[in-house]
Trainee: 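Could you have a look at this structure, given as structure tokens, before my questions?
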There are 2 protein chains.
Amino acid sequence: MSKVEKRSEIVHAALELIAENGFHGAPMAMIAERANVGAGTIYRYFENKDVLINGLCQDLEERMYPIILKGYAADTPLRERFLHLGAALLRYFIGNPLDFRFLEQFHNSPYGVEHRRDKILGKNAEYNVFRELFEAGVSRQVMKDLPLVILFALAFGPLLAVARDHILNFISLDDDLIARTVEASWDGIRR
Amino acid sequence: MSKVEKRSEIVHAALELIAENGFHGAPMAMIAERANVGAGTIYRYFENKDVLINGLCQDLEERMYPIILKGYAADTPLRERFLHLGAALLRYFIGNPLDFRFLEQFHNSPYGVEHRRDKILGKNAEYNVFRELFEAGVSRQVMKDLPLVILFALAFGPLLAVARDHILNFISLDDDLIARTVEASWDGIRR
DNA sequence: CTATACGGAATGAACGTTCATTCCTTCATG
DNA sequence: CATGAAGGAATGAACGTTCATTCCGTATAG
């Protein structure tokens, strides 16, 4: 197994275990076992567990963004753009339940809160499709005149809740239901 | 300290610690210390930590419901009823951030998933204002014709997300913003 | 009224377990 | 051989839980 493969085996095992059992249920020894690696080996790739977990999140975002943005056209009407992003996000989560569950675990832990604080309050102003879309929506008076944070909550709150319900088998989403859910969440933000 | 007081000291300390630091950050020894109680004493009131935590949730719901339902009139229009419940819920969470944070921790743990599975799939059919409101909304064609679970997600997803953002200081909600947020989430579910 | 005996409540040191991390040995490769 | 990667047993800290002991309010006897 090459060095890169080994790293990715560790990352994959960690993500899987955390997604399935939460942070409690993913001790380093178990991660090592599932990755077919010695317990000490992990520490050759990651300084400690915190670093491993934050690395997991970063890896995940880098895998996710290109997939969600595939076919996204920045010159179509705002509504269409939102429907694209919403449906793509929802489909991604449904198709990759482990990724979704990991992100949920992550965002409900001290790690995730810190991460989000940086994103929202940070002076990074990093390029962000979502932020751009919503700022355009407000300034063109297509969306409600509410703070960006609230618009995000109105748009993504339902989508994440629905993804969770699907993954926990409280409901079964098909393409039609996905489309109607995203349209409904658009009704929440549009003027 | 009377027996009842002692129990409630333990419950309060546990809720506070779990809300502030998550389940990780609330070892029994620390709960005991904050409750001014011996470590072993907790086990005179609760069989083990699981029982304590589930008890916390139950206590909390019993405290919450009467407050949220105060002034709720089952004979007013559906929109008005929803706005009442939504605003009451949001105000409760904002006014009791520890309760909110505890519920979030709880629902994102195995405890909470089990709890929710029982509520949604259980044959209990326990009386539930929320379910009743939404079923009426669908059958009177005031709300979108979507599965109940999705309507719940559309309605409460944004409210919970907004409460979280307020409590984490990503935004500051006042009465006006609360009202406009709840109205927006009504737009998401109404036909 | 005081002294003593009793029993349930409270205590916190101690236990066994589990975890993240370290460290020394073994192995593979040049 | 020499070098660095990999392995997994060892380590110590932290956890939930237990239990022998202490504490204290009340009942009883003198």
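Just so you know, these numbers use all the heavy atoms, side chains as well, and skip hydrogens, waters and symmetry mates. Letters go in sequence order (proteins before strands), and every chain restarts at 1.
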Trainee: In whole angstroms, how far is the P atom of dA6(D) from the CD atom of Glu33(A)?
Mentor: 19 Å
Trainee: Check whether the ring centres of Phe130(A) and Phe156(A) lie less than 6.0 Å apart, and answer yes or no.
Mentor: yes
Trainee: Arg44(B) has an atom CZ; how far is it from atom P of dG7(C), in whole Å?
Mentor: 15 Å
Trainee: Take the protein atom CG of Asn36(A) and the nucleotide atom P of dG7(D), then report the distance between them rounded to whole Å.
Mentor: 9 Å
Trainee: At under 4.0 Å, does any side-chain N or O of Tyr45(B) touch on OP1 or OP2 of dA10(C)?
Mentor: yes
Trainee: Rounded to whole angstrom units, what separation is found between the CD1 atom of Ile31(B) and the C1' atom of dG12(C)?
Mentor: 16 Å
Trainee: Take atom CD1 of Ile42(B) and atom P of dA9(C), then tell me their distance rounded to the nearest Å.
Mentor: 17 Å
Trainee: Using the ring of each side chain (for Trp, its six-membered ring), is His115(B) parallel, tilted or perpendicular to Phe106(B), with breaks at 30° and 60°?
Mentor: perpendicular
Trainee: Salt bridge check: are Arg63(B) and Asp59(B) linked by an N-O gap of less than 4.0 Å?
Mentor: no
Trainee: Take a 6.0 Å sphere around CD of Glu135(B) and say whether it holds more than 12 heavy atoms from other residues, nucleotides or ligands.
Mentor: yes
Trainee: Is there a side-chain contact (heavy atoms from CB on, under 4.5 Å) between Val129(A) and Arg81(A) once you walk through the steps?
Mentor: CA-CA 10 Å; Val129(A) 227; Arg81(A) 279 197 261 167; over 6 Å; no
Trainee: Does the protein touch nucleotides 20-26 of chain C at the base, only the backbone, or not at all? Give it as B, S and - per nucleotide, heavy atoms under 4.0 Å.
Mentor: SBB----
Trainee: Is it the case that atom NE2 in His107(A) sees more than 12 heavy atoms from other parts of the structure closer than 6.0 Å?
Mentor: yes
